[in-house]
Amino acid sequence: MKQEVINVVRNAIESLQKQWGLETISDIEVEIPRNETLGDVAATVAMSLAKTLNKPPRKIAEDIVNAIKTMIIPPLANGGLGGVTAEEGEGRLGIFEKIEIAGPGFINFTFKKEYFYKNLEKLLEEEHSSFRTNIGQRRKVQVEFVSANPTGPLHIGHGRGSAVGNALSNLLQAAGFDVQREYYINDAGLQVKLLGQSVYAKYCEICMDKYPYSISKNAYPFPEDGYKGDYIYKLAEELEKKYQGKLWAKDFDEISREVIDFSYQKMLELITKDLKDFGIAFDRWQSEKELYEKGKVESSLKTLSDKNFLYEKDGAMWVASTRFGDDKDRVVVKKDGEYTYFASDIAYHKDKLDRGFDTIINIWGADHHGYIPRIKSVIEAFGLPKEKFKVILIQMVTLLRHGEPVQMSKRAGEFITLREVIDEVGADTAKFIFLTRRADSHLEFDIEVAKEQSAENPVFYVQYAFARISSIFRQAIEKRVQGFEGSRVQEIDLSFLKENEEISIVKKLLQYPIVFEGAVLSFEPHRITYYLQELARLFHSYYNKHRVISEDKTLTAARLCLCKAVQIVLEEGLKILGVSAPERM
RNA sequence: GCGCCUGUAGCUCAGUAGGAUAGAGCAACUGCCUUCUAAGCAGUGGGUCAGGGGUUCGAAUCCCUUCAGGCGCGCCA
């Protein structure tokens, strides 16, 4: 819809270029007017040209419109854009019903109804494939998200990150990118050790109860900053089930490998299950430990060292990240010879870029924002293009229950898990709520409101539209209505769709690719969420006002086509959000 | 103190890379089910876009500044 206008305006300006003495023509910007009565597409060029041409914008707009009117608008079929040719249309406006100048210098284009019928037909012929754009051109993109430490269950914040990461991946995939979803497992270092110690302490307690005859054996002290919560106890129980008393009363270092590996692997199983029930799957799981074992940490530091970005100070090894804009240099090898977390992250990001991705997108909690400059600087130090590295920060989720904030303390083991959210409000609702906000806006999630209002929740509003259409088709089949069948769209006279509501819906449908493209380019899946609500609103309204199935066979056939198209777009959008499209509700 | 994010209707949030009269949901009120699902529809009320300056044909949007909230600023991960 936009493209047709851009083409026409560009041609018009080109014909005026010499007369105006204009050297270059910048990109033509058009927009969908807020108010539908103004037109379908508006061009703002006249106003932006006003300064360079030193002419009043309305005069420029007039010149452009006059130029358009003296042109034959080329048959748009040539451009593969559909529409009707100038010959088919009346007068010289081709696919346009009217072109008007309004306000300070807007040029408003209104399409002929035939244009909409033609495009509706095209949508129905191609169905979902009509949305398979190729913005991505098969470029390789990796989206890394969640990557929660395997030291505890996923909480609601991870839920938000996973919903966004998943939807973004779907979005990019639909746009023709080659997408890989990856989860980075922090299975090396202090945190998993602490998990192991916490579990071991509980395990020893269980053993003391279970094997009272060996009372001489001691308990293992619970680590000071150990992980708390029921799940630790459950892990300990499982540990006991597997090893019975065999690991009891040993020196922790002696049995640490078994305990630690068992604990975090069990944790990962739980995390995977939670994600699965949330409808999210990963293509690849990257272990931090493996980066060490394969020598990638060592080798990437060596590379930095060769490039002179590494230096020693106070007995530690530092990366000169300030050279590329970081606040301060960062330690990678501590005085005691241990690597910092940053060390493996350097290796990890280098590894990702080495794997040949055109873009790597990290979805991080906003509390990690201070981490971005150091990663960027390292990427530059490696001589890799830093534009390939993108971070989407997900702002904090404040969890409420009846309007009261729920205190979350990981240390005390008190937090609402993703599991609880899924069980209480359902995966679809939770995902939809997570995707109704911009990533960088704080989110208040009232679990009671989400539950109580479940009947009036926006997600149901959209799904309901889909279900209603499904119901109409069930009726149509039952009544043996001669209606829509994929192969016969061309035989149905869509021009029976004369109602304003019907035209509005078709316009909205044709806007989907525009919204979609915007969402892709800005990495903002939430735009799809809002679009779907608008489309559902139009449909519900239409449904209440007009009957689809009636005595009038030709009208019914045309209306069934419209319904089908709405259904296709709703399904397409919901699929990107990772939300189901139920045929019955 | 420095850095990042945010501030839009009573509440929760959108606002399409600067555009026309700033929008939705919830909450409140009034109507609509013998016909395709009322998880719906139609309508009413509700705003100093945090405050102040600036940039220009034009600002919720860009710049400066003040205020308020959140989050970072470890040889933790």
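Throughout, a chain's letter reflects where its sequence line sits, starting with A, and its residues are numbered from 1. Because the structure is a prediction, the values reported are computed rather than measured. Heavy-atom basis, side chains included; hydrogens, waters and symmetry copies ignored.
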Sugar-phosphate or base contact per nucleotide [nucleotides 21-28 of chain B; S, B, -; heavy atom under 4.0 Å]: -S-S-SS-
Per-nucleotide protein contact string for nucleotides 68-74 of chain B, where B marks a base within reach and S marks sugar-phosphate only (heavy atoms under 4.0 Å, - for neither): -BSBSSS
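For the side chain to side chain donor-acceptor pair (under 3.5 Å) test, no residue two or more places apart in sequence or in another chain qualifies with A:His369. Legend: residues meeting side chain to side chain contact (heavy atoms under 4.5 Å, CB included) with A:Ala316, ordered by chain and number and at least two apart, are A:Trp318, A:Val331. A search for ring-ring contact (aromatic ring centres under 6.0 Å, His included) contacts involving A:Tyr184 returns A:Tyr348, not counting sequence neighbours. Scanning for side chain to side chain contact (heavy atoms under 4.5 Å, CB included) contacts around A:Glu583 gives A:Phe466, A:Ser470, A:Arg474, with sequence neighbours left out. Shown here are the ring-ring contact (aromatic ring centres under 6.0 Å, His included) partners of A:Phe496, two or more places apart in sequence or in another chain: there are none. By the side chain to side chain contact (heavy atoms under 4.5 Å, CB included) test, A:Ala175 pairs with A:Thr133, A:Ile135, A:Phe177, A:Phe516, A:Val520, sequence neighbours left out. Checked against side chain to side chain contact (heavy atoms under 4.5 Å, CB included), A:His546 has the following partners two or more places apart in sequence or in another chain: A:Glu499, A:Glu501, A:Tyr542, A:Arg559.
Side-chain atoms of A:Asn108 come within donor-acceptor range of the base of B:A20, with a qualifying N/O pair under 3.5 Å.
For A:Ala42, whose side chain is taken as the heavy atoms from C-beta onward, the closest listed nucleotide among B:C36, B:A20, B:A77 is B:A20.
Rounded to an integer number of Å, the gap from A:Arg547 CZ to B:C33 C1' is 13 Å. Per the geometry, CG belonging to A:Leu535 stands 15 Å off C1' belonging to B:G40, to the nearest Å.
Looking only at atom types and distance, the side chain of A:Glu444 has no donor-acceptor partner in the side chain of A:Thr398 under 3.5 Å away.
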